[in-house]
> 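Below is a structure I'd like to ask you about.
These numbers were taken from a predicted model, which means no experiment stands behind them.
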Amino acid sequence: MIKPRSWLPTPVLSILLLLVWLLLVRSVAFGQIVLGSALAVAIPLATYRFWDAEPRIGRPLKLLRFALRVLKDIVIANFEVAYLISNPWRKLRPHFIEYPLMLEERFTITLLASTISLTPGTVSANLRMDGKSLLIHALDVDDEEALIEQIRKRYEQPLKEIYEC
Amino acid sequence: MAWIVEALASLLLIAGGVFLFIGSLGMAHLKDFYMRLHGPTKATTLGIGFMLVASMLYFWGYEGSPDIQEILITLFLFITAPVSAHLLAKTGLHLQLRRIDVTEGKPVELRPEEVGERPVPHPDKGHG
Amino acid sequence: MLTLALYITLTLVSTALILNLYRLAVGPDLPDRVLALDTMYINSIALIVLLGLWLNTKTYFESALLIAMLGFISTVAVCKYILRGDIIE
Amino acid sequence: MELLYAITTGVLTACGLYLTLRGRTFPVVVGLTLLSYAVNLFLFSMGGLTTDGAALVNQQQGAIADPLPQALVLTAIVIGFAMTAFVVILAMRARSEAGNDHVDGKKEDRE
Amino acid sequence: MILLWIALLPLLGVVVPALLGQRDRVLSTRITAIAPALALLLTFSQVPALLDGETLRFSVGWMPELGLDLALRLDGLTLLFNLLILGIGLLILLYAHFYLSPEEPFDRFYAYLMLFMASMVGIAMSDNLILLWLFWELTSISSFLLIGYWSHQSDARKGARMALTVTGAGGLALLAGLLLLGDMVGSFDMNVVLASQDVILADPRYPLMLVLVLLGAFTKSAQFPFQFWLPHAMAAPTPVSAYLHSATMVKAGIFLMARLHPAIAGSELWSVIVSLTGTITLLYGAWFALFKTDLKGILAFSTVSHLGLITVLLGIGSPMAVLAALFHILNHATFKAALFMSAGIIDHETGTRELKMLGGLKKTMPVTALLTTLAAAAMAGVPLFNGFISKEMFFTETLATPVLGGLSWLLPVLATLGGILSVAYSLRLVHAVFFKPARKTPPKSPHEPPHLMRLPVEILVGLCVVVGLLPGLMASGVLSLAAQAVLGEPLEFHLSIWHGFNLPLLMSLAALAFGILMYWRHPDLRQLTQPFASVDARRVFERTIINMNQKADWLINKIEGHSLQRYMGLLLLSALVMGVIGLAPIAPLTGKLGNQPVDAIVLLGAAMLIFGGIATAATHRYRLISLLMLSVVGLFVALTFARFSAPDLALTQLSVEVVTMILLMLALFFLPQQTPRESSPLRNVRDILLASALGLVIASLNYAVLTTDTSSISDYFLANSKPGGGGYNVVNVILVDFRGFDTLGEITVLALAGLAIFKLLNRLRLFLPHSDGEGRVWSPDRYPAILTSISMALLPLALLVSAFIFLRGHNMPGGGFIAGLVTAVALILVYMARGVEWAQERLDFPFQPVAIAGVAIATLTGLGSWVFGYPFLTSTFAYFTLPLVGTFELASAMLFDLGVYLAVVGATLMILANLGKVTTAHRPTLEPSETEPEASSPDKETR
Amino acid sequence: MTQHLIVLPVVLPLIAGILLLYQRQGIVRYKRIVSIVSTALLLLVSIGLVNQAASGEITYYALGDWQPPFGIALVLDRLSAMMVLLTSVLAVGAVVYACAGDDEKGSNFHGLFQWQLMGINGAFLTGDLFNLFVFFEVLLLASYALLLHGGGKARIQASVHYVVLNLAGSSLFLIGVGVLYGATGTLNMADMAQRLAELPPEREGLVTAGALILLVVFGLKAAILPLYFWLPRAYANAPAPVAALFAIMTKVGIYAILRVYSLIFGDQAGSLTALEQPWVWWFALATLAIAGVSVLAAKDLRLLVAYLVLVSVGTLLAGIGMRTPEAVSALLYYLIHTTLVTGGLFLLADMIGAQRGKPGTRLVKGRPLVQGQWLALAFFIGAIAVAGLPPLSGALGKALMLNAAEGMQRLWLWPLLLLAGLSSLIALSRAGSTLFWRSQRGTATGKKLPREQWFGVIWLLSAAPLLVIFAGPVSHYTAAAAEQLANPLPLIEALMPDAGDNS
Ligand code: NA
Ligand code: NA
């Protein structure tokens, strides 16, 4: 595990950047790795000041698992929504739901909000000014509480574990 | 082998197209703004994802070497699409757009402190 | 097979774009139009991908990447404009 | 295809020109922007329309697009952007000086 | 060379008073006088040569392209005029020394006077038509200065302007005439011209030329109907009147007629125009002279009259008539200069020139009275004075000439009438001033002037008398030389007082007798003139000018209208006409290539573009919506570029599009959100027609070019991109190498835009909307949290992408420009998400140096090639191999591209961040409704 | 270094601009020194260029070592050398004048000024049609910025018209260049000329359309009749040193017309030869007529000078319309004269306005002026010169122009030109007598004008007598330049030695 150092303030970001670089250049040649690493070090150094809170990733593996879960949810739930939208006989029951947040940090809240938006059926419509709850618009909901519970369990909890503990 | 890849690619391609279409269809025919918002932000994103996978598969078959570069586009879309959706929803709330009657939820989506102060006359009412 | 798939997909995407255009034209509210525009941007990524498959080239990859990365900024700007008027404050 | 392309350019030009003939600064600016889009399309096509032949000489291909108009258009886009930026802020400034956004800075507002 | 000195000396004389300043008038007068005196001496020194029958000439080339030479001549005519100009000029200088009051800036006066003298000498000596014209107009200008010398007086100003306008206009006609004349003979050389009468008279353009030249002469010499300016020029100080209006300027026209006589006279047209004009002028001037009550007014009108007389003689054109004319030039100059100076003395000593206030000055100013009387007698043509002889000759010639054909008898009668009038006004002048008892007391108590001031008058009067008594001795020499110069051959003549008892003598006597009678009865005649007297030429002139100004103002306002819409309409109309003219002859618009088949993507794109374009125009009143529509066009333009094999353009268009949208929205915030409906339906229809027509032309042109098969220089670029430029991406290689100079200009433009916008934002007073278009208050959530987080996450990724795009540009789509825009957009997103203050804290360097550094790097890259002896912007590239890393290419073009990158980042941020910052600084924070729409703020330093 | 001489008029101001603009704040002295030194160097360089071009040899500079027609080439012939020299002479006067304090009334004056020079010189030197566009944009954007220097409502409003029209003009420029490229396949003007010789007849219409659309653009910059409307207010409202520099801006349009149509549409162009001529001729005459009237209408000295610029535009374009070497020679002489003199008059008007206080340059009664005599003298000289009266340069220029007209041309040109001269005379005499003679009683107040300002005015106005004294050599040069323009073949051959081989 790479530790943050003064010349490498955000190691995870740096690794991510290096990966993105290699994807961009479509090559894993040594020269590109060198160049990519240089950029992966230099860019965080240049943009370090723009991060107001340093997101520490407690458990990277858990993050990966979380990402895969979200991906799966996106695919599966999308089929549902596609069905909902394209079925003209179906009466939709849209909802505005107030979702009380456990998360505190802005960055993690953003991740949660994005996740909610990406998973079909829900859009995070407004983060309250006090940062304590999230207004969600849902396309078709029977049970408000169930939805809140599902979001809490599937997304917010893991995020909290990954970042905020 | 090649034909399997091609078939898979074709399938994914069409699937992507269908999702795009549904996303836009939703945006076109759903009853209120908040509902329309759902279509594009998700179905479309997924549609693009499918098509990119199709493209990757195709070029793998075509060039012979795997290349997952197109993942990046999906990555960027996953980062940016929710922001658009979020801000659009926020804008809709700000403008107090109509929503269909069946919508349930709190009567006021925006709390008083989120609405701002009392309305003021627009200074350039004179010409628009 | 792929050619056929391309045709089908192209038809779907085109229809999607025309639907976007419809929403853009009729509104009724500003956010609807912005949403339509935003969707149009994303759908055009599909067009570029299709073009790449069609022509067997990855020359246009960066164009798609750029839309994915920067396309939302126009949307953000308009939203901010409606919300706050001044988009850089 | 060429005919369709030309018609498109013509329509965009006409729309842009119509807007430049308006009496308020903002539509004029929008018109100039639209006009520059149209002109860029026009200039771009002066080397002919090539469907599959980006001017990258390391890729084997058949017909290669004329790279020169492309380079010219790139320059024109940049210059057009610089000019648009200037003129729109000029419009803003003119409004703050004159109190209205008429292109002639007229005192009275007729509505 | 001596000729050159004669011409130059007065010109040098201009400098003397100007240099001496106003310290010592005596010294100044003396030194100033040296130049003309020397010139006069030099002129005299040439007389022997002239007597030998030579015409002295001097010439150096000046402007061969125009046929202008510095060519001078000295012949009899020049001699005569030089004597007048320099001789009387010297006397005037002396006179002016006393005339000007101590506090007046005499240095200026002297300088003007010398300038005038120099230009008169120039006219007299010019041996080149163009040169003559140059000096001619110079007299107009210097006389303008002299007449307007007392510039605090409205009369002086207006009189000066009128004189300038009339003589200046005449000068322009003269220029045309002289150019025409030169064209007829093929040279502007005076000798050639004077020897080419046959050619000239035979030329069909002769009448036009003659009229133009005579217009010049008549305006200058105050011939009818251009006489009106002269009396008003009397607002000038008297030395000026004495000089300009007796001896010199007004004689310039006469001189011109005399000078060109051998070339352009000798036609019936000449005789008729010139003598008729002269006759009318003669009578007109004389008639009005009789009724003027201003001393100088009388003299002015009498001058007009006498100039008419000389003109008549030149019109008659017979050798003796010419001689008479020359003689009268001399005589008139002497007596009229004397009279003007006397008038000046009277004015100077009594404080008035008004006849009504003068009278009985015989007692207080006996010498002046005597001198004036003698000069007036000469003017009246009393025997034993010089005026008598020339007038006698005039009468003789009027009797002899057949100019008016059947009406030939009329001319002597009119001449006699002129004589009568001249006697009458001369008598009136003398009698009223010196002999009649005064009706009122003048402002000052009159006394004789200082002797030196009177001296010039004495000399001139002396000349009048001596010439009158001994005409043969005093005048024959110079006159014969002058006549020879004008006539081209020696003239045998004999000047004497007594010619026997003949008809001319009878006419003279009749003139004297009836003149006295007329003066006696002139109050009765005054009734007759009343209706004419009310017409004041100056007022008419002023009114005409004012009228002209107003009409011009009206017309120009009508044409210009201060309407951008009109200007734009005209611009587009011009383009339309030009385009149609080009398209008209293209028979089949479709060229050899023909159409490629349309496919679905193209159709879709075209439909989108057309929709977007029309929607942008149609919704223009709802500005934000219009912007959204514009965005559709922008997007599909980018896709069109991609569709037609231009990935670089697609990338550029996409990134520019984003920035443009942000920019337009930033500005829109401070503009009205909607456009009022103010164009009339007619205007809309007109605009739509105009725009569509031009759109059609553009489309046709586009189509015609698209289907044309043209071989272009691009093959070279494709072939040399890799071997010569080191890059596979030809577009990029063109940008940074083949046409790097364009790109250098382009980034300069971008940096300039940043600088210009910075100027615009300076001290900006903003008109701030307190709420949106529907009166809704702004959302209080300034920086939506989700947006702020995403902007942070995106920044490093965007930087990475822009590094990627930058580095691959040379070989693949990309390059410094696009990379720069991506960077800038990512940073702008931070500005949008976090606000100016927050972002500025972290981007705590100014942007201008970044932009300029970009231009600097590009420039330095270009300059680097000088070191190796190559032209500016020559690129180089090389391949390097490092262990493990492998072979890679480094090209100087990449350094150039780095310059582009920096310039783009710097300029874009300069534009957007500055704009954002300005708007934010002015944003009302407290009670929105109570904040005034912004007071001026100090020149804030934004980055 | 001498082989790089041709590119120096572009590079020198570019570098100076970089030095000046790098820091927005900075020591005023330093900026002034850099700016003046650079302009003075530019003057030296351009003297060298004229010297080089005077022999009649045509030299070119292949940027990036890419030979024409492929790369961009700067072409030095008598005309371009002359224009560059004229620009730098004008610039010296303007920049020194600005150092009296105008430069400190806003940001970045000197840097923008230098870049404006870069744009102007580039436009004069380039042999490439698209590069001409780029330099047009450089000089335009710099001029926009400079026009706004010092701020003020009137300037902003004048700018709106100026900028918007020129933006539309830029679009037309691109269309024109595009069509010409599409029809001929090249951008190098000499190459284009050569290709026109073998142009298939079906493309003639295209070339005509492109060329005529370009004519509209150049006409807009040159301020020909239906397109001149942006000029009076923009010029009248510009800060003095900028207005002085603007005196060369219309000449850029005139130069472009001269260059493009004499080179590309010379005798070798067959039926396309001189296609611009009738348009230029008739519209020039109309411009002259309107300008003559406008001069009478002006109620402000600056506006008057602006209209006098318009008179000169009409005159110059009429010279182009005549399209004979004599006429071109005449117009070049006149061009030098009018550029420097109107430039000087703009400066002078500013000085007069400053001395008069509240009435400024409006032609109304005002207080007496400190240094009024000297101002009057300078005004007098400028007025005489610009009205075309002897003994100054305008008279010779006008005589040359009139003399160059042939046959029926005279019938139109002579009356118009002479009457325009007369109306200038009337207007200027009125202006002069109002400003200097009709002053109110009372003592003159106000400060003495700075030496820099006097230098600028004298520097520029001294052209009026100098052009007369050296009329011979100057007109000899212009005649030779005109001769060179009339026969573009040597230029084409100089740029493309293998001309004719690749037919
Ligand atoms: Na590139
Ligand atoms: Na702001």
> Most heavy-atom pairs under 4.5 angstrom with chain B, which of C:L66, C:T57, C:L4?
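Sorted descending by pairs with chain B, the first entry is C:T57.
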> Can you say whether B:H86 sits under 4.5 Å from chain C via the side chain, the backbone, both, or neither, judging by heavy atoms?
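The answer is neither part of B:H86.
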> Sort C:N20 into side chain, backbone, both or neither according to what part of it lies under 4.5 angstrom from a heavy atom of chain B.
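C:N20 touches chain B through backbone and side-chain heavy atoms alike.
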> Where does C:F61 contact chain B at under 4.5 Å (heavy atoms): side chain, backbone, both or neither?
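For C:F61, heavy atoms of backbone and side chain both lie under 4.5 Å from chain B.
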> Among C:I82, C:T39, C:D32, single out the residue with the greatest number of heavy-atom pairs under 4.5 Å to chain B.
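Option with the greatest count: C:D32.
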> Under 4.5 Å from any heavy atom of chain C, what part of B:I48 do you find: side chain, backbone, both or neither?
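Just its side chain gets close to chain C.
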> Identify which part of B:F33 has an atom lying under 4.5 Å from any heavy atom of chain C, answering side chain, backbone, both or neither.
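Both parts, backbone and side chain.
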> Looking at side-chain heavy atoms only, is the closest gap between B:Y58 and C:N56 below 4.5 Å?
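B:Y58 reaches C:N56 side chain to side chain.
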> Count the heavy atoms belonging to other residues, nucleotides or ligands that lie under 6.0 Å from CD1 of B:I100, then report whether that count exceeds 12.
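Buried by this count: over 12 neighbours within 6.0 Å.
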> Pick one of side chain, backbone, both or neither for C:D38, based on which atoms fall under 4.5 Å of a heavy atom in chain B.
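Just the side chain, heavy atoms under 4.5 Å.
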> With a 4.5 angstrom heavy-atom cut-off, could you sort out which part of C:I8 is near chain B: side chain, backbone, both or neither?
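For C:I8, the contact with chain B is made by the side chain alone.
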> Can you check whether C:L50 reaches C:V13 side chain to side chain, under 4.5 Å on heavy atoms?
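In short, these two side chains touch, coming nearer than 4.5 Å.
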> Can you tell me which portion of B:L95 sits under 4.5 Å from chain C's heavy atoms? Options are side chain, backbone, both or neither.
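Just its side chain gets close to chain C.
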> For B:L37, is it the side chain, the backbone, both or neither that has a heavy atom under 4.5 Å from a heavy atom of chain C?
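Looking at B:L37, backbone and side chain both touch chain C.
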> Could you look at B:L87 and say if it's the side chain, the backbone, both or neither that has a heavy atom under 4.5 Å from chain C?
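Both the backbone and the side chain of B:L87 come within 4.5 Å of chain C.
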> Would you mind checking which part of B:A7 comes under 4.5 Å of any heavy atom in chain C, side chain (CB onward), backbone (N, CA, C, O), both or neither?
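Its backbone and side chain both get close to chain C.
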> Top residue by heavy-atom pair count (under 4.5 Å) with chain B, among C:I18, C:V49, C:T15, C:L53?
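Of the candidates given, the most pairs with chain B belong to C:L53.
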> Look at the aromatic rings of C:W54 and C:Y7 and report parallel, tilted or perpendicular, splitting at 30° and 60°.
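Perpendicular.
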> Give the minimum heavy-atom separation between C:N43 and C:A16, together with the two atoms involved.
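That closest heavy-atom pairing would be ND2-CB, 3.8 Å.
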> Is the shortest side-chain heavy-atom distance between C:R23 and C:L35 below 4.5 Å?
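No, too far: nothing below the 4.5 Å cut-off.
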